[in-house]
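Throughout, protein chains are lettered first and strands after them, A, B, ... in sequence-line order, and every chain is numbered starting at 1. In this text, all values refer to a predicted model and were calculated from it rather than measured experimentally.
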2 protein chains.
Amino acid sequence: MADDLFKALADPTRRTILDELAEKSGQTLFEICARLSMKHRLDISRQGVSQHLAVLEAAGLVETRREGRYKFHDLNAAPLRQITERWPTPDTPGPEEPTP
Amino acid sequence: MADDLFKALADPTRRTILDELAEKSGQTLFEICARLSMKHRLDISRQGVSQHLAVLEAAGLVETRREGRYKFHDLNAAPLRQITERWPTPDTPGPEEPTP
DNA sequence: TTGATAGGCAAGTGTGCACTTGCCTATTGT
DNA sequence: ACAATAGGCAAGTGCACACTTGCCTATCAA
């Protein structure tokens with residue numbers, strides 16, 4: 001469960017994908033491929049990116065919706081909260097209520 | 001840099017070590033070994049644990065202090081904040097001031 | 001229908017890394 | 001001094017995983 005989350009975050013390419021989805025929501029696979037190649041000089045095959053997206057989706061960090069032949073990808077950063085909840089710091093609130 | 005952080009979190013045994021240090025601060029290598037074995041049924045060699053601690057220390061998640069022949073390990077969860085700062089959610093504050 | 005676009009499935013390869021084993025150094029107690 | 005304890009270094013092994021290649025399906029435009 002949390003296993004998938006940390007595994008997904010372990011790869012630098014996947015983290016870059018999260019960055020891209022944070023910047024522009026609802027991108028397709030090809031769009032992500034293009035941006036990785038252009039902006040980040042990452043020459044990775046389309047299938048490589050597809051597999052990364054599958055891992056991110058398994059972790060709950062990416063959600064997808066199909067429309068016709070397009071598949072749009074959206075970032076969901078919510079699962080990340082369980083990290084700071086598991087190991088709280090003096091300043092980070094542990095479980096519940098960030099701003100009452 | 002952030003690379004080390006995510007790599008450190010990627011391993012389940014390392015996350016368990018963080019849990020243990022969160023529960024009891026200032027443990028020695030042998031103490032951690034014992035607790036992993038007893039509480040978590042993890043039979044891992046002492047050297048294995050030592051290598052894990054090195055990775056955690058490289059990530060800034062564990063800080064150490066030497067006293068005589070003992071080396072005490074302390075958890076430092078602060079680096080984890082850069083995760084939720086990098087991909088903020090509606091409820092998690094992004095950069096700066098958690099509770100002024 | 002044909003061709004182009006968007007995506008998926010499956011098998012193969014190479015490398016990073018978790019883990020072990022064996023030996024070595026340093027501090028403490030008797 | 002010696003033995004016991006706490007830890008470190010270095011080389012070897014095996015497996016998980018990132019990435020590619022090749023082929024297949026589905027939707028859209030001409």
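A 4.5 Å side-chain heavy-atom check between B:Asp19 and A:Trp87 finds at least one atom pair inside the cut-off.
You won't find any donor-acceptor pair under 3.5 Å spanning the side chain of A:Glu67 and the base of D:dT27, going by distance alone. A donor-acceptor contact under 3.5 Å links the side chain of A:Gln47 to the base of C:dC9. The base of C:dG7 is not paired with the side chain of A:Arg66 by any donor and acceptor separated by under 3.5 Å.
Residues A:Leu53 and A:Phe6 fall within the same hydrophobic cluster, defined by Ile, Leu, Val, Met, Phe, Trp and Tyr side chains chained together at heavy-atom separations under 4.5 Å. A continuous path of ILVMFWY side-chain contacts below 4.5 Å connects A:Leu42 to A:Val49, so both sit in one hydrophobic cluster.
Rounded to an integer number of Å, the gap from A:Glu31 CD to C:dA6 C1' is 12 Å. To the nearest angstrom, P of C:dA18 lies 12 Å from CG of B:Leu9. As rounded to whole Å, 14 Å separates atom P of C:dA6 from atom CD of A:Gln27. Summarising the geometry, the separation between OH on A:Tyr70 and C1' on D:dT27 is reported as 9 Å, rounded to the nearest angstrom. Between the CG atom of B:Leu53 and the P atom of C:dA18 there is a distance of 13 Å, rounded to whole Å. Between the CG atom of B:Asp4 and the P atom of C:dG16 there is a distance of 15 Å, given to the nearest Å. One interatomic measurement links the two molecules: CZ of B:Phe6 to P of C:dC17, which rounds to 16 Å at whole-angstrom precision. The CZ atom of B:Phe72 sits 13 Å away from the C1' atom of D:dT5 (whole-angstrom rounding).
Side-chain proximity of A:Ser45 to the nucleotides D:dT27, D:dT21, C:dC19 is greatest for D:dT21. Here the side chain of B:His52 is nearest to one of C:dA18, C:dT28, C:dT20, namely C:dA18. Proximity note for B:Ile44 (side chain, C-beta onward) versus D:dC17, D:dA6, C:dT20: the nearest is C:dT20. Nearest nucleotide to the B:Arg46 side chain, out of D:dG7, C:dT5, D:dC19: D:dG7. With D:dA18, C:dA6, D:dA10 as the candidates, the nucleotide lying closest to the side chain of A:Asp11 is D:dA18. Out of D:dA18, C:dT20, C:dA18, the shortest distance to the side chain of A:Arg14 is found at D:dA18. Listed nucleotides C:dG8, C:dC19, C:dC17 differ in distance to B:Lys7; the shortest reach to its side chain belongs to C:dC17.
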Quiz prompt | side-chain contact (heavy atoms from CB on, under 4.5 Å) between B:His52 and B:Ile44, intermediate numbers included | solution = CA-CA 11 Å; B:His52 280 309; B:Ile44 183 180; 3.8 Å; yes

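Projected onto DNA chain D by closest heavy-atom contact, A:Gly68 and B:Phe30 fall at different nucleotides, the more 5' of which corresponds to B:Phe30.
A donor and an acceptor atom, one from each side chain of B:Ser37 and B:Asp43, are nowhere located under 3.5 Å apart. If you check the side chains of A:Glu63 and A:His73, you find no donor sitting under 3.5 Å from an acceptor.
Between A:Ser50 and C:dG7, a side-chain N or O to OP1/OP2 separation shorter than 4.0 Å is absent. Taking side-chain N and O atoms only, B:Thr28 has no distance below 4.0 Å to OP1 or OP2 of D:dA6. Remark: B:Lys71 is in phosphate contact with D:dG8, judged by side-chain N or O atoms under 4.0 Å from OP1 or OP2.
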